[in-house]
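All remarks here apply to the structure that follows.
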Amino acid sequence: MTDSNPFQASWSRSGNLLCHGHWTILWQGQPLTLPESRREKEMGTWGIYSIIDPEDETFAQGLEEDEWIIANVEWLTDLFYDQGIPLESRSYRQFYQAVNRHDWRCTSCAGCM
């Protein structure tokens, strides 16, 4: 069963200086307005963000899907409610999965080294 994700997420910067970007997140093609505190920061999802060794789990950071949803449920629920997005477990998981693919950390690009 392959469901397409109604959320599309991207970070505006690539390469060096990731920290100077912002999120663009769409739901069914419509732009979402993230809370100001979330627009220009990494999302804290789980990943290995080391530019030195992107395969070494020693460098893993962030929260895995279930933990991340629990930690962020309040602002996500407000966002979903305001945008008419179903308040269902599936929506929260799809949001995480879309964002996780493009999440980053300050150490992801070595722009500050």
Side-chain angles (χ1 to χ4, degrees):
M1 177 170 100
T2 330
D3 292 324
S4 66
N5 191 334
F7 291 97
Q8 294 174 305
S10 62
W11 184 251
S12 65
R13 295 288 303 237
S14 61
N16 290 342
L17 301 174
L18 288 173
C19 56
H20 293 284
H22 65 271
W23 286 103
T24 299
I25 301 179
L26 307 175
W27 182 70
Q28 294 184 341
Q30 298 300 310
L32 299 180
T33 302
L34 292 176
E36 190 172 337
S37 63
R38 301 287 172 171
R39 292 178 197 160
E40 298 177 355
K41 296 180 180 172
E42 47 92 359
M43 285 283 188
T45 63
W46 188 91
I48 300 171
Y49 297 101
S50 170
I51 193 166
I52 296 166
D53 191 351
E55 302 298 319
D56 186 348
E57 289 204 19
T58 303
F59 298 108
Q61 296 180 32
L63 299 175
E64 294 194 35
E65 191 170 299
D66 290 339
E67 294 172 302
W68 188 89
I69 291 168
I70 291 166
N72 292 279
V73 71
E74 288 185 32
W75 73 264
L76 277 175
T77 299
D78 290 344
L79 175 69
F80 288 5
Y81 182 81
D82 290 346
Q83 300 292 319
I85 298 168
L87 300 176
E88 301 170 354
S89 174
R90 182 177 179 193
S91 297
Y92 293 87
R93 292 186 183 288
Q94 290 171 324
F95 184 93
Y96 176 93
Q97 292 161 12
V99 168
N100 182 245
R101 283 186 224 142
H102 300 282
D103 209 358
W104 59 279
R105 292 299 183 278
C106 183
T107 57
S108 298
C109 68
C112 55
M113 292 183 158

Please name the pair of heavy atoms, one in W27 and one in P86, separated by the smallest distance, quoted to 0.1 Å.
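In terms of heavy atoms, the two residues are closest at CZ2-CD, 3.7 Å.
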
Atom pairs and distances, side-chain donor-acceptor, residues 71-79, under 3.5 Å, sequence neighbours left out:
residue	atom	partner	partner atom	Å
N72	OD1	R38	NH1	3.3
N72	OD1	R38	NH2	3.3
N72	OD1	W75	NE1	2.8
N72	ND2	W68	O	2.8
T77	OG1	V73	O	2.7
T77	OG1	Y92	OH	2.7

Would you mind reporting whether M43 and I25 have side-chain heavy atoms less than 4.5 Å apart?
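They are in contact (side-chain heavy atoms under 4.5 Å apart), so the answer is yes.
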
Between [atom1] on residue [X] and [atom2] on residue [Y], distance to nearest 0.5 Å:
X   : Y   : atom1 : atom2 : value
T33 : Q83 : OG1   : CD    : 6.0 Å
L26 : L32 : CG    : CG    : 7.0 Å
Y96 : E67 : OH    : CD    : 9.0 Å
Q8  : Q28 : CD    : CD    : 10.5 Å

Main-chain N/O of [Y] paired to [X] side chain as donor or acceptor, under 3.5 Å:
X    : Y   : answer
N5   : Q94 : yes
N100 : G47 : no
S12  : H22 : yes

My understanding is that only residues two or more places apart in sequence, or in another chain, count here; which of them pass ring-ring contact (aromatic ring centres under 6.0 Å, His included) with W11?
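Expected list: W23, W104.
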
Please say yes or no: joined through hydrophobic side-chain contacts below 4.5 Å, possibly via intermediate residues, are F7 and L87 part of one cluster?
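Looking at the clustering, L87 is in the same group as F7.
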
Excluding sequence neighbours, so at least two apart, what forms side-chain contact (heavy atoms from CB on, under 4.5 Å) with R93?
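Partners of R93 under the side-chain contact (heavy atoms from CB on, under 4.5 Å) test: E65, D66, I69, S89, Q97.
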
